[in-house]
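Notes for the one structure printed next.
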Amino acid sequence: MNLTLYVWRQKGPHAPGKLARYEARGISPEMSFLEMLDVVNESLIREGEEPISFDHDCREGICGTCSQVINGVPHGPQERTTVCQLHMRSFRDGDTIYIEPWRARAFPVIRDLIVDRSAFERIIQAGGYISVHTGGVPDGNALLIPKENADTAMDAAECIGCGACVAACPNGSAMLFTAAKVSHLAALPQGRVEAKRRVCLMTEEMLRQGFGSCSNHYECQAACPKGIRVSFIAKLNREFIKALPRGTNTAPPSPSHGTEAKE
Amino acid sequence: MILDGKCPAGPLSEKWARQRHELKLINPANKRKYTIIVVGTGLAGASAAATLGELGYRVEAFCYQDSPRRGHSIAAQGGINAAKNYPNDGDSIFRLFYDTIKGGDFRAREANVYRLALLSNNIIDQAVAQGVPFARDYAGYLENRSFGGAQVSRTFFARGQTGQQLLLGAYAALSRQVKAGTVRLHPRTEMLDLVLVDGEAKGITVRNLVTGRIDSHAADAVCLCTGGYANVFYLSTNAMGSNVTAAWRACKKGAFFANPCFTQIHPTCIPVSGDHQSKLTLMSESLRNDGRVWVPLKKRDARRPHDIPETERDYYLERKYPSFGNLAPRDIASRSAKEVCDEGRGIGTSGYGVYLDFSDAIRRLGEDVIRQRYGNLFEMYEQITGEDAYRQPMRIYPAPHYTMGGLWVDYNLESTIPGLFVLGEANFSDHGANRLGASALMQGLADGYFIIPSTIAHYLARTSPGAAGPDHPEFRKSREDTEALAQKLLTIQGRKTVNEFHRDLGRIMWDHVGMARSRESLSTALQLIPELRNEFWENVKVPGQGKDLNQELEKAGRVADFLEFGELMARDALHRNESCGGHFRAEYQMPDGEAQRDDENFCYVAAWEFRGLDKDPVLHKEPLTFENVELAVRSYK
Ligand code: FES
């Protein structure tokens with residue numbers, strides 16, 4: 001099939017960007033979306049033009065590197081699918097496709113479709129871990145973990161850190177990302193010990209990194225390739241309230257506006 | 001030269017304890033004076049960097065990805081082995097050791113493999129303490145399953161994403177050290193050279209992948225945790241960026257490369273669909289627990305699978321290996337698939353595929369149980385192929401997946417260059433000629449969490465910290481060489497793209513150095529590879545500039561190294577006149593087609609010394625001695 005692409009081209013973080021038009025010819029429905037871009041890039045190189053820069057690595061939907069907004073939707077039209085797992089059979093011959101980078105204040109564009117997601121790094125560094133040293137830990141079965149808790153933790157831990165939630169949110173909020181990590185650890189007995197400190201440190205860092213607040217649009221859940229649910233945002237808010245000094249029921253720097261998110 | 005693995009003396013089960021006792025220590029107050037470079041942040045690198053940071057060393061951690069959470073360990077699906085014997089089914093450290101060494105076709109060091117089995121239990125405990133959400137049963141205990149040809153249930157797992165969860169655990173530990181200030185991260189930075197000062201590894205030269213700037217970093221020791229080289233085949237299950245560059249450049253600086261011909265072709269991947277294909281996707285081997293592998297009895301049978309009656313199907317693994325059946329080890333399962341396809345009985349449009357059929361299991365257990373066990377894998381399969389594996393059998397075919405060979409290291413994980421340590425898939429140490437399922441994660445983490453912290457101190461104790469800085473002439477020279485190489489690639493401006501060269505190389509490697517090799521095919525490869533390499537240096541087209549973000553230049557450097565390394569791989573395969581594990585030489589097989597090992601002449605590690613592209617590499621041998629196991633013929637019948 002033949003397609004018309006409009007791809008965001010931008011030299012650097014401070015350079016102006018624009019949508020450039022390319023024709024993609026002879027694309028087969030078996031190709032993945034990124035393989036289609038490979039074909040376009042190969043022909044650009046042969047014509048002496050600069051290929052389109054984009055982030056990708058595993059190409060199997062798990063590393064979280066790929067990051068493109070396709071026709072206005074992060075990771076494109078297919079539900080629960082990363083760009084690298086999106087296949088051209090989702091498109092029709094003659095389609096026009098718009099390809100843009102994640103757009104959020106906290107994710108500056110580096111080049112074309114590549115953005116800087118290091119703000120996520122700093123949220124995790126603020127407290128997204130259990131403070132255990134290597135060695136000297138008890139047997140893995142010493143602390144029993146109810147299956148439901150282990151399952152909940154795993155549901156949250158499936159986050160691949162791609163940033164689609166931020167790109168989808170009209171506020172550029174990183175609530176779903178942060179909530180997933182907070183909820184994963186809060187569901188486990190090992191993670192309870194530092195739960196209060198963790199939720200405060202991580203949400204503070206999230207705001208400091210320039211991410212917006214949550215106002216319950218649920219766009220993040222719709223865009224998430226791993227199906228992380230907004231109920232984890234509710235969980236984060238509950239953890240946040242639990243962390244407040246006793247007797248306080250409103251939190252001045254609350255990460256979330258309005259009511260708790262419900263699914 | 002006869003290489004010495006420096007394994008400690010004494011009974012097998014006491015070797016590691018003895019070694020730890022004999023290794024020198026560094027005073028806690030002095031640790032912060034030492035800087036250690038860790039390259040790569042997959043399981044081995046992240047766990048090493050985190051643990052060394054916890055101990056108080058200054059750690060500089062590098063990765064080419066935008067975040068250390070993205071190393072390709074993240075893609076491991078199945079699980080991680082440990083000899084906990086929780087199910088009480090007869091497992092033990094010795095049994096895990098034995099299975100691993102037998103699975104590797106007796107081409108690994110006893111002492112290393114035993115240590116790996118011993119540490120496996122600590123890894124599970126550590127991961128649980130970090131919050132890795134392993135599967136639990138309703139009583140809250142850790143669940144186990146049998147995996148990849150093991151007759152006991154010793155595999156721990158976190159749905160189909162065990163690698164991801166273990167890596168996120170190690171990444172969390174690493175992030176904690178970044179916060180604590182002991183580890184400094186350098187993402188989007190690629191190592192392009194190893195710097196030696198007075199013959200010892202004292203730093204690296206790197207390229208910042210955003211700005212294109214070339215810089216050097218000095219340290220007191222260097223750990224390479226840079227993964228394997230399966231992308232030499234172009235199409236593999238590795239990430240697009242996985243490469244041999246760091247290991248190869250270290251080899252060019254004097255580190256010996258061991259057993260490069262030991263590569264693993266994984267039996268359960270999604271078959272190639274066309275020329276545009278950029279990578280292959282693995283379907284977890286756990287699928288073989290419930291799926292049955294078959295092909296039609298008739299050649300070129302074009303009927304749909306449902307229309308082929310039971311009597312006209314060949315469940316060839318069950319037929320040939322009645323006791324292991326569909327769970328036969330990876331090398332055997334892969335080769336059997338190739339055989340039936342070469343006979344013309346392969347399925348799919350290309351004829352390179354076999355069925356993995358769940359209909360019996362669905363009938364027996366119900367679709368829900370299968371969905372619960374493999375739901376995400378079936379989903380992934382459908383995403384890629386557009387087919388529903390609940391309704392029709394999956395199509396699978398082998399693909400390059402893991403490389404057992406790697407830089408040679410001794411028992412302390414130190415290479416032939418003092419101060420250069422190699423961890424995880426990048427070294428050659430524990431899997432012999434074939435790796436068993438669920439043991440790669442185990443090795444990466446054993447190396448990073450538990451081995452390197454002890455052994456690196458022994459080296460550091462002999463050095464004084466901060467001996468050479470990045471202004472040392474050796475560093476300056478390394479930067480100049482690295483700049484020159486980039487410039488050379490950019491000025492060729494030929495007519496073929498980097499991908500085209502990579503694809504050509506992959507075809508040579510797959511056809512001639514792939515699943516079955518012969519003297520003839522390997523000699524052909526040894527002729528074709530240098531020709532392609534020469535063409536590359538005359539005709540490659542790399543657009544853009546060096547001092548800039550330039551993804552084509554990154555790829556060009558990696559492919560240039562694969563073009564040199566591939567030759568060594570073929571040479572190693574040609575010299576090993578036997579079949580063992582993943583290395584199958586057509587001339588050396590039993591009358592029934594099974595691999596014919598030659599313990600008399602090839603019971604050694606082949607470590608190659610690079611002496612320049614115009615000279616033949618020199619072969620050094622490390623004899624393998626077995627004191628605790630008998631060299632049996634590996635039979636899974
Ligand atoms: S490239 Fe790894 S998730 Fe898409």
Side-chain angles (χ1 to χ4, degrees), chain A residues 28 30-32 34-35 38-39 42 45-46 48 50-51 53 55-65 81 85 87 89 110-111 114 116-118 120-121 124-126 128-135 137-141 144-147 150 153-154 157-158 160-161 184-185 188 190-191, chain B residues 50-51 54 65-67 69-70 72 74-75 84 86 124-126 128-131 133-142 158-159 161 164-165 168 172-173 175-176 178-179 185 187 210 239-241 273-274 276-279 281 380 383-384 386 449-450 453 497 499 541 543-544 549 551-552:
Chain A
S28 92
E30 265 82 61
M31 285 184 190
S32 72
L34 299 187
E35 284 164 353
D38 290 344
V39 171
E42 290 286 291
I45 295 167
R46 266 188 231 104
E50 285 236 352
S53 301
D55 260 334
H56 66 107
D57 202 20
C58 75
R59 293 206 178 182
E60 51 185 282
I62 190 72
C63 73
T65 309
T81 303
Q85 290 292 80
H87 281 70
R89 70 178 77 89
I110 294 177
R111 165 77 57 88
I114 300 180
D116 177 356
R117 286 172 285 197
S118 56
F120 268 8
E121 236 47 69
I124 298 295
Q125 285 158 15
Y129 39 75
I130 290 168
S131 300
V132 54
H133 262 56
T134 304
V137 298
D139 183 86
N141 267 339
L144 299 183
I145 303 175
K147 182 170 167 34
M154 184 63 206
E158 286 196 29
I160 57 172
H184 157 207
L185 296 174
L188 301 170
Q190 292 88 347
Chain B
T51 307
E54 286 168 13
Q65 297 89 344
D66 73 323
S67 160
R69 67 180 287 154
R70 309 201 198 280
H72 199 57
I74 204 161
K84 286 279 194 188
Y86 286 151
I124 300 302
D125 300 339
Q126 188 63 38
V128 167
Q130 288 169 347
F134 284 123
R136 301 257 168 184
D137 63 19
Y138 281 101
Y141 289 90
L142 288 158
R159 291 198 189 137
Q161 293 109 296
Q164 179 199 27
Q165 294 309 314
L168 292 182
S175 299
R176 175 168 165 255
V178 173
K179 176 77 175 291
L185 284 181
V210 176
M240 301 300 287
S273 70
H276 54 267
Q277 190 117 9
S278 61
K279 82 152 269 161
T281 304
M380 186 164 97
Q383 260 175 11
I384 294 172
Y449 283 135
F450 300 111
T497 64
N499 272 353
K541 185 175 178 84
L549 188 149
Q551 295 180 312
E552 284 297 309

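Chain A is the first sequence line, chain B the second, and so forth, proteins listed ahead of strands; every chain is numbered from 1.
- Here the side chain of B/Gln383 pairs no donor or acceptor atom with the backbone of A/Thr81 at under 3.5 angstrom.
- Within the 4.5 Å cutoff, no side-chain heavy atoms of A/Glu60 are placed close to those of B/Ile384.
- Side-chain contact between B/Gln277 and A/Glu35 is present, with at least one heavy-atom pair separated by less than 4.5 Å.
- By the 4.5 Å heavy-atom criterion applied to side chains, B/Pro133 and A/His184 are counted as neighbours.
- Although no hydrogens or angles enter the test, the distance criterion places no donor-acceptor pair under 3.5 Å between the side chain of B/Arg70 and the main chain of A/Cys58.
- The main-chain N or O of A/Thr65 is never found under 3.5 Å from a side-chain atom of B/Asp66 such that the two would form a donor-acceptor pair.
- The shortest distance between side-chain heavy atoms of B/Glu54 and A/Thr134 falls below 4.5 Å.
- You'll find the side chain of A/Cys63 stays beyond 4.5 Å of the side chain of B/Gln65, heavy atoms only.
- The closest donor-acceptor contact from the side chain of B/Gln130 to the backbone of A/Ser131 lies at 3.5 Å or more, if one exists at all.
- The side-chain heavy atoms of A/Arg59 and B/Ser278, taken from C-beta on, include a pair separated by under 4.5 Å.
- Between the CD atom in A/Gln85 and the CE atom in B/Met380 there is a gap of 6.5 Å [rounded to 0.5 Å].
- Take A/Phe120 and apply the ring pair (Phe, Tyr, Trp, His ring centres under 6.0 Å) test, not counting sequence neighbours, and it matches A/Phe107, A/Phe177, A/Phe211.
- Side-chain contact between B/Glu552 and A/Glu50 is absent, with no heavy-atom pair separated by less than 4.5 Å.
- Heavy atoms only, all atoms of each residue included: B/Ala129 and A/Val132 are closest at O-CG1, 3.9 Å.
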